[in-house]
Visitor: 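Quick one: structure below, then a few questions.
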Amino acid sequence: MTAWVHGSVQGVGFRYWTKTQALELGLLGYAANQPDGRVRVVVEGGRPACDTLLQRLWSGHTPGRVDLVVELFGPARGGLPSFEER
């Protein structure tokens with residue numbers, strides 16, 4: 001799953017929070033700041049775990065403020081050793 005998170009999500013610990021959530025759910029991937037202020041979250045793992053992370057991104061309990069999450073589900077590509085902040 002790739003999710004583009006819109007709002008006030010840079011400089012507030014959002015990528016670190018996302019990493020802790022993803023690792024708790026057993027997901028691999030990364031969270032990366034984008035030049036336009038969004039955070040791009042790429043994760044691989046089971047669909048239930050991805051859906052749970054997506055729910056947490058929308059929960060209102062994240063650092064900063066999430067206004068919109070646009071997600072895209074696709075096949076796993078592999079090559080992700082853990083979860084990292086980029």
Side-chain angles (χ1 to χ4, degrees):
M1 174 185 79
T2 300
W4 291 271
V5 184
H6 301 247
S8 178
V9 290
Q10 290 191 12
V12 294
F14 186 85
R15 290 178 300 145
Y16 176 78
W17 177 88
T18 302
K19 177 181 178 178
T20 63
Q21 301 302 305
L23 291 174
E24 177 183 304
L25 294 167
L27 296 168
L28 304 175
Y30 61 88
N33 285 339
Q34 302 298 290
D36 62 3
R38 296 178 297 168
V39 170
R40 180 178 181 207
V41 179
V42 175
V43 294
E44 291 186 355
R47 181 64 187 251
C50 290
D51 287 340
T52 298
L53 179 61
L54 188 58
Q55 290 170 352
R56 291 179 184 182
L57 292 173
W58 274 109
S59 71
H61 299 292
T62 66
R65 185 191 76 249
V66 174
D67 295 330
L68 176 67
V69 180
V70 178
E71 75 275 357
L72 175 65
F73 286 89
R77 296 182 181 164
L80 300 169
S82 185
F83 195 96
E84 61 184 40
E85 300 170 57
R86 294 186 178 172

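If you read the sequence from its start, that first residue is 1, and numbering goes on from there.
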Visitor: Mind checking what makes salt bridge (charged side-chain N to carboxylate O under 4.0 Å, His left out) contact with R40, not counting sequence neighbours?
Guide: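 Per chain and number, R40 pairs via salt bridge (charged side-chain N to carboxylate O under 4.0 Å, His left out) with no residue.
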
Visitor: Could you go step by step and tell me if R56 and H61 meet the side-chain contact (heavy atoms from CB on, under 4.5 Å) rule?
Guide: CA-CA 7 Å; R56 291 179 184 182; H61 299 292; over 6 Å; no

Visitor: Tell me which donor-acceptor pairs under 3.5 Å the side chains of residues 3-14 have, and how far apart each pair is, sequence neighbours excluded?
Guide:
unit_1	atom_1	unit_2	atom_2	d
Q10	NE2	Q34	O	2.8
Q10	NE2	G37	O	3.4
Q10	NE2	R38	O	2.8

Visitor: Does the side chain of V66 reach to within under 4.5 Å of the side chain of L57, using non-hydrogen atoms?
Guide: no

Visitor: Taking the side chain as every heavy atom from C-beta outward, state whether S82 and L23 have any pair of such atoms under 4.5 Å apart.
Guide: yes

Visitor: At their closest point, which heavy atom of V43 faces which heavy atom of F83, and how far apart are they?
Guide: CG1-CE1, 3.6 Å

Visitor: Given side chains that start at C-beta, do those of L53 and W58 come closer than 4.5 Å, heavy atoms only?
Guide: no

Visitor: When rounded to the nearest 0.5 angstrom, what distance separates CG in L27 from NZ in K19?
Guide: 14.0 Å

Visitor: Which atoms form the tightest heavy-atom contact between C50 and G45, and what is the distance?
Guide: SG-O, 4.0 Å

Visitor: Flag yes if more than 12 heavy atoms outside F73 fall under 6.0 Å of its CZ atom; otherwise flag no.
Guide: yes

Visitor: Kindly give the cluster partners of L28, where membership spreads through any ILVMFWY side chain lying under 4.5 Å from a current member.
Guide: Y30, V42, L80

Visitor: Would you compute the distance between atom CG of D51 and atom CE of M1 and round it to the nearest 0.5 angstrom?
Guide: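 Spacing of CG (D51) from CE (M1) equals 8.0 Å.
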
